[in-house]
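These notes concern the structure reproduced below.
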Amino acid sequence: MEDDVPTVTVRLWRADAIVLFDWLMSTDLDTVPISHPAQKQALADLLSRLEWAADTDVTASTAEEIAAAQQEVARDMGW
């Protein structure tokens with residue numbers, strides 16, 4: 001049962017969540033370099049959590065919101 005599985009809470013900046021959701025939705029996880037199958041599953045789990053998170057609307061982000069989030073996240077990268 002899922003309630004019996006230990007969990008952690010991660011707070012994300014909304015822009016990060018939008019960027020991650022957009023990337024995960026457009027990425028073929030079979031082509032992402034991994035060293036263990038659990039890494040691919042963890043990415044799929046992250047996508048699922050972003051889709052079903054009750055306190056976020058990242059799944060409804062428009063192309064303009066995604067572009068703005070990408071700019072916001074990349075703004076202070078320094079690389």
Side-chain angles (χ1 to χ4, degrees):
M1 177 174 219
E2 191 169 310
D3 291 338
D4 296 335
V5 177
T7 63
V8 297
T9 300
V10 177
R11 291 179 51 112
L12 286 177
W13 187 24
R14 184 173 187 274
D16 283 333
I18 291 171
V19 169
L20 282 170
F21 180 78
D22 179 60
W23 177 74
L24 286 166
M25 286 297 293
S26 63
T27 298
D28 178 356
L29 293 181
D30 290 329
T31 64
V32 174
I34 61 168
S35 59
H36 192 280
Q39 294 167 336
K40 183 166 60 171
Q41 184 59 50
L43 286 173
D45 290 345
L46 175 59
L47 174 60
S48 176
R49 295 302 181 255
L50 288 170
E51 286 178 311
W52 295 106
D55 62 343
T56 184
D57 61 349
V58 298
T59 60
S61 297
T62 64
E64 293 81 17
E65 289 172 316
I66 293 166
Q70 290 169 334
Q71 286 182 331
E72 201 170 339
V73 171
R75 181 180 46 222
D76 297 320
M77 286 178 45
W79 50 283

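Placement of F21 and V73 in two distinct hydrophobic clusters is found when ILVMFWY residues are connected by side-chain heavy-atom separations under 4.5 Å, directly or transitively. Each of W13 and L46 belongs to its own hydrophobic cluster when Ile, Leu, Val, Met, Phe, Trp and Tyr are linked at side-chain heavy-atom distances under 4.5 angstrom. Grouping the Ile, Leu, Val, Met, Phe, Trp and Tyr side chains by contacts below 4.5 angstrom, directly or via other members, places V58 apart from W52. Both I18 and L50 are part of a single hydrophobic cluster, where members link through side-chain heavy atoms under 4.5 Å apart.
Looking only at distances, no side-chain donor or acceptor of Q41 sits under 3.5 Å from a matching main-chain atom of P37. The closest donor-acceptor contact from the side chain of Q71 to the backbone of A68 lies at 3.5 Å or more, if one exists at all.
Ionic pairing of R14 and D57 is present here: one or more N-O contacts between side-chain nitrogen and carboxylate oxygen are shorter than 4.0 angstrom.
The side-chain contact (heavy atoms from CB on, under 4.5 Å) search around T62 returns E64, E65, not counting sequence neighbours.
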In sequence, state the C-alpha distance, the side-chain angles, and the governing distance for L47 and M25, and then conclude on side chain to side chain contact (heavy atoms under 4.5 Å, CB included). CA-CA 8 Å; L47 174 60; M25 286 297 293; 3.6 Å; yes
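If you take CG on D22 and CD on Q70, they are separated by 6.0 Å, rounding to the nearest 0.5 Å. L24 contributes atom CG, which lies 9.5 Å from atom CD of E51 (distance to the nearest 0.5 angstrom). Taken from CH2 in W23 to CG in L43, the straight-line distance is 5.5 Å, to the nearest 0.5 Å.
By the 4.5 Å heavy-atom criterion applied to side chains, Q39 and L29 are not counted as neighbours.
Closest approach of A69 and A15 over heavy atoms only: CB-O, 3.8 Å.
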